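Each remark here refers to the structure printed beneath this line.
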Amino acid sequence: MAAADDLQFEEFGDAATSLAANPDTTTVSIEDPGETPKHQPGTPRSSGREEDDELLGNDDSDKTELLAGQKKSSPFWTFEYYQTFFDVDTYQVFDRIKGSLLPIPGKNFVRLYIRSNPDLYGPFWICATLVFAIAISGNLSNFLIHLGEKTYHYVPEFRKVSIAATIIYAYAWLVPLALWGFLMWRNSKVMNIVSYSFLEILCVYGYSLFIYIPTAILWIIPQKAVRWILVMIALGISGSVLAMTFWPAVREDNRRIALATIVTIVLLHMLLSVGCLAYFFDAPEMDHLQTTTATPNQTVIAAKSS
């Protein structure tokens with residue numbers, strides 16, 4: 001056993017001096033818990049760049065592409081290929097609907113709600129619901145306008161369902177396809193920071209139409225002023241979603257081309273809303289007025305000629 005005198009305490013100085021004397025010595029640094037750790041100096045990101053990344057969605061783009069690359073892609077003629085487009089839960093659908101009803105200035109709708117998992121489930125059922133809402137509300141509005149008139153006989157117009165389906169689905173598919181082709185063409189000439197896939201554009205247009213479902217139901221009110229106020233509110237909400245979503249994709253382009261693109265998107269959206277209001281809700285009243293203005297003599301002459 002070692003004697004007690006062999007046990008000695010030594011005071012160590014600076015760690016650097018000890019390491020210089022004994023290179024093989026292992027040192028452990030214990031910091032005071034109350035002290036704030038000092039970070040290594042790095043290059044701070046400018047606030048303008050942070051705003052661009054927040055608006056354009058560059059923070060998660062690399063992660064999204066990496067996750068997308070890890071997914072196994074099936075051939076397009078298989079059922080599994082299209083099943084991935086409907087792989088979405090109820091919470092995600094409601095969250096995207098809420099995002100289309102409450103657009104946030106400076107926030108990108110695709111980055112916040114769509115890019116992680118774009119779907120066709122929500123746009124398909126939103127368009128289908130809107131078709132029946134417009135057709136049924138148009139028939140009901142026509143019935144309420146002429147309610148109590150003895151000369152009026154109500155006949156349901158089932159052809160409005162097919163007409164509304166053609167208009168809504170053509171708009172929800174053809175306009176995104178044309179916009180996607182235009183953005184691809186402009187990206188080949190001007191390297192934009194933001195690019196959207198066709199599925200993402202289709203998803204944005206589908207969810208932007210949700211506001212017209214309650215609007216079409218309220219169009220039953222037989223007051224033109226109320227109807228126009230409702231259509232302007234719906235147009236302002238849905239149009240702002242489209243403008244704020246696609247502006248980052250074109251703002252690096254020529255200023256006139258960028259503004260013309262956004263104006264065209266809003267005008268096509270306005271044409272859809274105003275056209276549906278004019279055809280499905282105002283046209284029946286005008287047709288009825290034309291038939292009731294005919295005089296009895298003209299009716300008799302028409303009957304004899306037939």
Side-chain angles (χ1 to χ4, degrees), residues 57 60-61 64-65 67-68 71 73-74 76 78-104 107-137 161 164-180 183 194-219 230-231 233-249 265-266 268-269 272-273 276:
D60 299 333
S61 59
T64 304
E65 292 177 359
L67 293 175
K71 296 181 180 180
S73 58
S74 303
F76 70 91
T78 61
F79 179 76
E80 290 77 9
Y81 177 81
Y82 299 97
Q83 188 178 11
T84 57
F85 299 151
F86 295 86
D87 187 12
V88 64
D89 55 19
T90 307
Y91 174 78
Q92 288 179 321
V93 173
F94 283 154
D95 195 35
R96 294 171 182 184
I97 291 175
K98 182 180 66 175
S100 67
L101 296 176
L102 301 172
I104 304 174
K107 301 293 183 179
N108 192 290
F109 183 78
V110 173
R111 176 183 178 271
L112 291 178
Y113 304 102
I114 304 300
R115 177 149 293 177
S116 60
N117 184 25
D119 70 290
L120 293 180
Y121 179 85
F124 174 80
W125 286 111
I126 287 174
C127 291
T129 307
L130 180 60
V131 167
F132 285 100
I134 290 178
I136 295 174
S137 298
V161 178
T166 303
I167 294 174
I168 298 301
Y169 279 101
Y171 173 82
W173 282 85
L174 297 181
V175 174
L177 180 61
L179 180 59
W180 173 73
L183 293 179
V194 178
S195 61
Y196 299 135
S197 64
F198 172 67
L199 185 58
E200 290 174 344
I201 298 176
L202 189 66
C203 199
V204 172
Y205 267 85
Y207 281 102
S208 68
L209 293 176
F210 180 82
I211 185 62
Y212 287 100
I213 296 177
T215 302
I217 297 175
L218 293 176
W219 278 344
L230 292 173
V231 75
I233 294 175
L235 181 61
I237 294 174
S238 57
S240 62
V241 172
L242 296 177
M244 289 189 298
T245 300
F246 295 110
W247 172 248
I265 292 173
V266 176
L268 289 175
H269 206 63
L272 173 72
S273 57
C276 289

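Treat the numbers as computed from the prediction; the structure is a model and nothing was measured. All residue numbers in this chain count up from 1 along the given sequence. The figures that follow rest on heavy atoms only: side chains count, while hydrogens, waters and symmetry mates do not.
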Reported OH-to-OG distance for the pair Tyr205 and Ser238, which is rounded to 0.5 angstrom
10.5 Å
Distance in Å, Tyr212 OH paired with Trp219 CH2, rounded so as to fall on 0.5 Å steps:
7.0 Å
On a heavy-atom basis, which atom in Pro118 and which in Arg115 lie closest, and how many Å separate them?
CD-O, 3.8 Å
Using the side-chain contact (heavy atoms from CB on, under 4.5 Å) rule, take Val131 and Tyr169 through it: C-alpha gap first, then chi angles, then the decisive distance, then the call.
CA-CA 9 Å; Val131 167; Tyr169 279 101; 4.1 Å; yes
Would you kindly say whether Asp119 and Tyr207 are connected by a side-chain donor-acceptor distance under 3.5 Å?
yes
Just by modelled atom types, is the Ala216 backbone N or O under 3.5 Å from a matching donor or acceptor in the Ser137 side chain?
yes
Over all heavy atoms of both residues, which pair between Asn108 and Pro248 is shortest? Give the atoms and the distance, please.
ND2-CG, 3.9 Å
Quick check for you: to the nearest 0.5 Å, what is the distance between Phe109 atom CZ and Arg96 atom CZ?
7.5 Å
d(Ile211 CD1, Leu230 CG) to nearest 0.5 Å is 9.5 Å
Here the gap from Ile213 atom CD1 to Leu218 atom CG, rounded to the nearest 0.5 Å, amounts to 12.5 Å
Looking at side-chain heavy atoms only, is the closest gap between Ile97 and Val93 below 4.5 Å?
yes
To check you understand the geometry: which heavy-atom pair defines the closest contact between Ala234 and Thr215, and what is its length?
CB-OG1, 3.5 Å
So, for Phe210 and Ser100, which heavy atoms are closest and what is the spacing to 0.1 Å?
CB-OG, 4.4 Å
Does Phe132 CZ have over 12 foreign heavy atoms under 6.0 Å away?
no
Interatomic distance, Leu272 atom CG to Tyr171 atom OH [nearest 0.5 angstrom]:
6.0 Å
Any heavy-atom pair between the side chains of Leu242 and Val266 that's under 4.5 Å?
no
Would you name the heavy atoms of Ser208 and His269 that are closest together and state the gap between them?
OG-CE1, 4.2 Å
Run the numbers on Leu209 and Cys127 for side-chain contact (heavy atoms from CB on, under 4.5 Å), then give the verdict.
CA-CA 7 Å; Leu209 293 176; Cys127 291; 4.1 Å; yes
Ile126 and Gly206 have their tightest heavy-atom pair at CG2-O, 3.4 Å
Heavy-atom check, side chain of Ile237 versus side chain of Pro103, under 4.5 Å
yes
Validation row: Ile134, Ile167 side chains within 4.5 angstrom (heavy atoms):
no
Whether Tyr196 and Phe246 hold their rings parallel, tilted or perpendicular, with breakpoints at 30° and 60°:
perpendicular
